[in-house]
Every structure is written in C-alpha cells, then in structure tokens.
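Just below is one structure, and these are the notes that go with it.
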Number of protein chains: 2
Amino acid sequence: MREMVKAFKALSDETRLRMLNVLMERECCVCEVMQALEISQARASRNLRALYDAGFLKLRHDGLWSLYSIDKEGLKEYSVDMIEAVRKALEGNETALLDRQRLKSAERMGPSCARRPSA
Amino acid sequence: MREMVKAFKALSDETRLRMLNVLMERECCVCEVMQALEISQARASRNLRALYDAGFLKLRHDGLWSLYSIDKEGLKEYSVDMIEAVRKALEGNETALLDRQRLKSAERMGPSCARRPSA
DNA sequence: TTCCTACATGCGTAATTACGTATTTAGTCT
DNA sequence: AGACTAAATACGTAATTACGCATGTAGGAA
C-alpha cells in the first residue's frame with residue numbers, strides 16, 4: 001500500500017515522466033538526462049533516485065557513472081489492469097478490509113445515511 | 001501530459017486508494033464513503049472530487065445525493081501498458097520531443113559528458 | 001416558508017514536495 | 001599525493017497539498 005502510494009507519487013511529476021520518456025530511448029547516466037531535459041544536476045539526480053526508489057528504474061554503476069535504465073518489470077506491475085492492481089495493493093491491508101466491512105454492515109444497519117437511493 | 005500528472009497525483013494518496021477500494025464494491029454516496037473510511041465529510045467530498053476530476057470516477061446525482069462509482073474506462077486508460085501510456089502521453093508534447101532530440105544529438109556532439117561508458 | 005439533510009467549498013494551518021546553491025563523496029587520472 | 005569529474009546530499013526556501021472547521025448551497029419534507 002505505502003509502496004503503491006510511493007509509486008504513483010513518483011509518476012505524478014512532469015520532470016520524472018520526461019525522464020522515463022528519455023530513458024525509453026536507452027540507458028543514461030545522470031548528466032545525460034540532465035542535459036536532455038536541461039535541468040540542474042541536483043534535480044536530475046534526485047528525481048532519478050525517486051523513480052529508482054519507486055521501483056521503475058534499474059541502476060548500475062560503471063566507475064564514476066550511475067547508469068539508470070527502465071525496469072520494465074517495475075512498470076508492468078501497475079500495467080495489466082489498474083483496477084486489479086489497486087485491489088491487490090489493498091487486499092492484505094487491514095484498514096482497507098475494515099473499510100469494506102463497514103460499507104457492508106452499513107447496508108444492514110441503516111445508519112444515518114440509510115435512506116440512500118437504491119443503486 | 002498535464003492530464004497524466006493529475007491522474008497519477010490523484011492515485012498517490014492513501015485516502016483515495018482506499019476510496020477506490022470501497023467503490024469497487026458498489027456505487028456509493030459521499031456519506032457512505034465517509035463512514036466506511038471513518039473520515040470527515042469534507043475530506044470525503046474533496047477526495048472523491050479529486051478522483052472524479054482525474055477521470056477515475058463517474059458521478060450521478062439523485063436528488064440530494066451525489067453518487068460516485070468507478071469509471072472502468074478511466075482506470076483502464078493507464079492499464080494496458082504503462083510504458084506505452086507514458087510514451088503516448090508525451091509523444092505529442094513539444095518539450096518531450098526536444099528532450100529526446102537533445103539526447104540523440106548528444107551522441108554525436110560529445111559534450112562535457114562525452115566520455116560516457118558505452119551502453 | 002422553515003427546517004433538515006447531503007454535499008460542496010472558503011479559509012487558515014500544518015505537512016509535504018520540489019528545487020537551487022553549496023558542499024561532500026567517490027572514482028579516475030597524472 | 002593532488003586535481004578533475006560524476007553523482008549524491010545537506011540546507012534553506014517557495015510552492016503545493018491535505019485537512020479541520022465553519023459556512024454556503026440546494027433538494028426534499030412539513
């Protein structure tokens with residue numbers, strides 16, 4: 001769950017989407033991304049790391065360089081069917097289970113909102 | 001592009017993911033969601049609206065009630081293959097095109113980072 | 001009309017996020 | 001060793017986001 005929030009948060013930024021776009025071309029070092037997007041080095045480094053932490057990028061080191069590339073498996077995790085992905089991310093989650101439970105019991109108990117129009 | 005950022009932003013919040021989880025059960029009015037998640041009315045209303053604005057929910061009004069339900073088509077837009085979804089979201093985008101161009105021309109011109117290790 | 005309910009929203013505040021600048025860390029070379 | 005380069009990060013700041021509280025809006029019933 002926390003994982004999924006982090007993943008979506010990583011994708012909800014224009015700079016990082018542009019980075020994915022560039023990395024689709026090929027594996028890049030930080031300064032290539034920085035030049036391609038015309039952003040500062042610190043900004044490139046930080047945003048690449050965010051994508052990496054969220055599981056969307058692979059990282060390998062070659063001497064002085066940090067080489068980032070797309071982790072297709074990481075991206076695909078949320079690809080097949082987002083509805084199912086959300087459900088899966090929440091189904092082991094205690095809070096989410098309670099949410100559903102409370103929704104269902106509300107059907108029987110008729111709380112303050114019992115007069116809800118029938119679906 | 002702005003659309004996609006907004007969509008991911010809407011999904012990058014625990015409250016809203018829990019809402020999707022509950023709405024998978026069935027269409028709900030605001031106060032049902034509010035009760036299921038045990039959150040305030042204002043919070044429920046605002047976060048449902050955020051999901052709606054991002055294109056993930058459908059909304060119909062029945063008298064006094066606002067009934068939200070999952071818009072499966074909206075969710076599926078980002079479902080088939082997220083890699084392709086990102087690419088599509090960016091391919092008409094001028095900035096993104098420039099990003100790619102700069103990346104490619106860097107190969108030829110050998111800027112300050114010309115000594116990048118071969119891929 | 002008046003009252004009640006369901007929902008939306010304006011406002012202020014606290015928390016989070018993004019970024020630039022400057023610095024640090026670490027690999028490479030002489 | 002010292003110089004140079006790629007990348008990471010600490011710090012301060014501005015912008016954004018999420019929320020509670022209070023209020024506003026509108027449908028329905030009396």
Side-chain angles (χ1 to χ4, degrees), chain A residues 2 5-19 22-23 27-54 57-69 106 110-119, chain B residues 2 5-19 22-23 27-54 57-69 106 110-119:
Chain A
R2 264 274 168 284
V5 170
K6 197 210 283 180
F8 285 128
K9 201 157 286 189
L11 294 174
S12 63
D13 177 274
E14 180 166 346
T15 300
R16 290 191 287 272
L17 288 183
R18 286 170 63 201
M19 283 175 160
V22 159
L23 288 168
E27 179 184 55
C28 293
C29 62
V30 176
C31 79
E32 283 179 307
V33 173
M34 152 193 141
Q35 287 170 38
L37 305 200
E38 290 183 325
I39 57 179
S40 75
Q41 182 269 321
R43 188 171 166 188
S45 175
R46 269 189 305 240
N47 282 293
L48 283 168
R49 177 143 302 266
L51 284 170
Y52 174 79
D53 288 341
L57 298 185
K58 280 189 284 192
L59 168 59
R60 76 185 172 92
H61 292 281
D62 184 342
L64 211 43
W65 291 271
S66 292
L67 295 161
Y68 289 94
S69 58
S112 71
C113 187
R115 302 184 322 198
R116 165 189 115 80
S118 51
Chain B
R2 263 277 168 283
V5 170
K6 197 211 282 181
F8 285 128
K9 203 158 284 189
L11 294 173
S12 63
D13 177 275
E14 180 166 350
T15 300
R16 290 191 288 273
L17 288 182
R18 286 170 63 202
M19 284 176 159
V22 159
L23 288 168
E27 181 184 53
C28 293
C29 62
V30 176
C31 80
E32 284 179 307
V33 173
M34 155 192 138
Q35 287 170 37
L37 305 200
E38 291 183 322
I39 57 179
S40 76
Q41 183 268 320
R43 188 172 166 187
S45 175
R46 270 191 299 245
N47 281 294
L48 283 168
R49 176 142 301 265
L51 285 170
Y52 174 79
D53 289 340
L57 298 184
K58 279 189 286 194
L59 167 60
R60 74 184 174 93
H61 292 282
D62 184 342
L64 210 43
W65 291 270
S66 293
L67 295 162
Y68 288 95
S69 58
S112 72
C113 186
R115 301 184 324 201
R116 161 188 117 79
S118 51

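Keep in mind that this is a model prediction, so the values were computed, not measured. Letters A, B, ... mirror the listed sequences (proteins, then strands); counts begin at 1.
- The shortest distance between the side-chain N/O atoms of A/Tyr68 and the OP1/OP2 oxygens of D/dA6 is not below 4.0 Å.
- In this structure, the CZ atom of B/Arg43 is 13 Å from the C1' atom of C/dA15, given to the nearest Å.
- The backbone N or O of B/Met34 sits nowhere less than 3.5 Å from a side-chain atom of B/Arg43 that would complete a donor-acceptor pair.
- Computed from coordinates, the B/Ile39 CD1 to C/dC7 P distance equals 12 Å when rounded to whole Å.
- For the pair B/Asp53 CG and C/dA8 P, the interatomic distance rounds to 11 Å; values are reported in whole Å.
- A donor-acceptor contact shorter than 3.5 Å links the side chain of A/Glu32 to the backbone of A/Cys29.
- When rounded to the nearest whole Å, the span between CG of B/Asp62 and C1' of C/dC7 equals 14 Å.
- One can place CG of A/Leu48 at 9 Å from P of D/dA7, the figure rounded to the nearest angstrom.
- In this entry the distance linking CD of B/Glu14 with C1' of C/dT16 reads 15 Å, nearest Å.
- Aromatic ring pairs are classed by plane angle as parallel below 30°, tilted from 30° to 60° and perpendicular above 60°; the pair A/Phe8 and B/Phe8 is parallel.
- Distance CG (B/Asp13) to C1' (C/dT16): 12 Å, rounded to an integer number of Å.
- Put simply, A/Ser66 has no side-chain N or O that comes within less than 4.0 Å of OP1 or OP2 on D/dA6.
- Not one N or O on the side chain of B/Arg16 forms a donor-acceptor pair closer than 3.5 Å with the backbone of B/Ala50.
- To the nearest 0.5 Å, atoms CG (A/Leu67) and CD (A/Glu27) are separated by 4.5 Å.
- Distance CG (B/Leu51) to P (C/dA8): 13 Å, rounded to an integer number of Å.
- For D/dA8, the OP1/OP2 oxygens have a side-chain nitrogen or oxygen of A/Arg49 closer than 4.0 Å.
- The nearest heavy atom of DNA chain C to A/Gln41 and to B/Leu59 marks one nucleotide each, and the one closer to the 5' end goes with B/Leu59.
- An OP1 or OP2 oxygen of C/dC19 is reached within less than 4.0 angstrom by no side-chain nitrogen or oxygen of A/Arg46.
- Look at A/Asn47 and you won't find any side-chain N or O under 4.0 angstrom from OP1 or OP2 of C/dT17.
- Nearest-nucleotide mapping onto DNA chain C: of B/Val30 and A/Leu64, the residue sitting toward the 5' end is B/Val30.
- Residue contacts for B/Ser45: at a heavy-atom cut-off of 4.0 Å it reaches a base atom on one of the strands shown.
- OP1 or OP2 of C/dA18 has not a single side-chain nitrogen or oxygen of A/Ser40 nearer than 4.0 Å.
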